[in-house]
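Notes follow once the structure below has been shown.
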Amino acid sequence: MKVLVYGSGGRDHCLADKYGDSQHVDKVYFAPGNPGVFYTPKGKRGLIERIPIKDFREISDFCIENKVELVDVGSENPLEEGLIDILNEKGIKTIGPKKEYVRIESDRAFTDSLLEEIGVSKPEFRVFDNPEDAKRYVRNIGYQVVVKANGLAAGKGCIVCDDVEDAEKAIEDIMVKKIFGDSGNKIVIEERKYGTELSFFVYLDGEHILPLKMFAQDYKRAFDPDDKESIEKFGGNPNTGGTGAYCPHRLVKPWLINRIIKEIVNPTVDAIYNKLGWKYKGVLYFGLNLDPYNNLDVFEINVRHGDPEWLVIARKLSTDLFEIGMAVWEGKLDQIKQVWNNQYYVDVVAMEGRSKAARGWNKGYPGRYGKGHKIVGLDEIEPGIAIYFAGVDEDPEKGLVTYGGRVLHIVAGDNTLEGARDKAYRNIQKIRFIDHKNNDQNCMRYRKTIGYLLSDDLVEL
Ligand code: GLY
């Protein structure tokens with residue numbers, strides 16, 4: 001069988017890799033993909049092939065001409081732009097929600113109101129489309145808040161605020177300066193919660209559900225909490241799309257998985273199928289928080305896997321992904337048995353750090369970052385470690401170079417969490433991004449605390 005994965009980031013590369021492991025699949029097309037795949041074993045063998053086509057109609061023609069059995073659309077933007085609808089019109093089998101259903105991620109106000117209506121617990125929230133009203137509100141409430149752009153913002157649309165000054169600045173940045181574009185025309189202001197975050201994935205086939213009985217933790221802040229020097233240089237410690245993840249999350253226990261399914265997943269999916277009447281086929285990602293008082297809250301719901309969480313969960317999942325994908329399409333998820341291996345996995349993201357700009361300095365991801373830095377050290381990575389590429393490009397002279405803020409992921413597995421962490425950190429240190437404008441210094445940076453318990457994580461078993 002041939003599968004096509006549409007996307008170009010780390011999550012999409014990992015999806016392509018996972019389909020490549022299927023006993024049913026002999027070719028995975030990765031479109032528009034990224035040139036990093038040529039540097040991986042499956043890319044070198046031609047099992048994964050990059051097809052640099054972006055246009056949806058051309059993708060549809062390609063799938064028909066090449067007899068592609070199944071298309072998996074990995075990220076929210078092409079889903080929102082209606083890729084699934086276009087493919088389905090031509091009779092192509094897909095995984096991913098139709099354009100109409102992407103609203104559950106792209107319109108926070110809609111989803112928060114739905115959750116409130118059906119009694120699913122989430123932090124207290126208010127919706128605003130006027131910055132002055134929003135500022136007045138944050139001046140008059142006695143708790144800390146998170147200010148969220150209502151629309152899509154590549155996982156970065158939440159600003160966590162310590163005080164009123166922070167909150168007013170966040171409102172100004174999102175609604176007036178439009179740092180997330182039109183996604184910030186409307187905002188949701190939510191009570192800030194403390195505790196442990198966890199990312200939980202569920203597959204839907206329009207009729208049944210398959211909740212993955214495994215979850216991961218994402219490390220969203222740009223810097224390690226004790227890295228005061230970097231935080232000061234950067235001017236804060238903002239949220240990113242994710243700087244690393246580990247799995248199994250230390251709270252993976254049957255009692256908590258059952259609570260998540262009963263309190264959050266079942267009522268939400270029931271509302272999707274029966275209240276909204278949606279024949280949703282694809283994945284739902286629940287961003288959850290367990291606070292020190294044992295309250296379980298929904299922070300967000302997304303229409304795709306989390307990145308980087310998927311990269312560790314995928315490594316741990318032993319069930320054939322093609323079989324899950326076909327079951328999603330055919331409405332047979334009730335027949336899928338989930339199997340997990342007994343390893344721990346740690347993903348550390350290699351990011352664009354501080355680098356020399358034409359004038360002055362680039363602050364590095366998630367601020368302005370440089371591009372075109374040669375990536376070296378890939379040949380030194382130990383066997384058995386997965387490299388998933390994200391923001392990379394191919395330069396005719398330099399070879400593989402950086403192109404985005406999150407450049408690549410190093411994912412290591414071991415019998416223990418400590419072992420997986422050690423391997424991931426030992427290997428990421430072999431990677432360097434050459435800053436040609438700064439005497440060939442290394443401008444790659446990574447967080448040092450992935451897989452560790454941080455002081456923010458207040459919940460203990
Ligand atoms: N890791 C956060 C996200 O995928 O949105």
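One-based numbering along the sequence shown. Start at 1 and go down the list; that is how both ligands and their atoms are numbered. Computed over heavy atoms, backbone and side chain alike; hydrogens, waters and symmetry mates excluded.
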Polar atom proximity, K220 to ligand 1 (N or O, under 3.5 Å): no
Centroid-centroid under 6.0 Å between F223 and F234 rings: yes
N or O contact, R304 vs ligand 1, cut-off under 3.5 Å: yes
Y219 six-ring face occupied by R447 cation (under 6.0 Å, within 45°): no
Lys NZ or Arg CZ of K448 over Y446 ring: under 6.0 Å, within 45°: yes
Face-on cation placement of K178 at F180 ring, 6.0 Å and 45° thresholds: no
D218: numbered ligand 1 atoms lying under 4.0 Å from its heavy atoms: 1 (N), 2 (C)
Residue-ligand contact Y285/ligand 1, heavy atom below 4.0 Å: yes
D307, any N or O under 3.5 Å of ligand 1 N or O: yes
Polar proximity ligand 1 side, H305 side, N/O cut 3.5 Å exclusive: no
Face-on cation placement of R126 at Y137 ring, 6.0 Å and 45° thresholds: yes
Test of ring centre spacing under 6.0 Å for F201 and Y285: yes
N or O contact, G241 vs ligand 1, cut-off under 3.5 Å: yes
Proximal atoms of ligand 1 relative to G306 (non-hydrogen, under 4.0 Å): 4 (O)
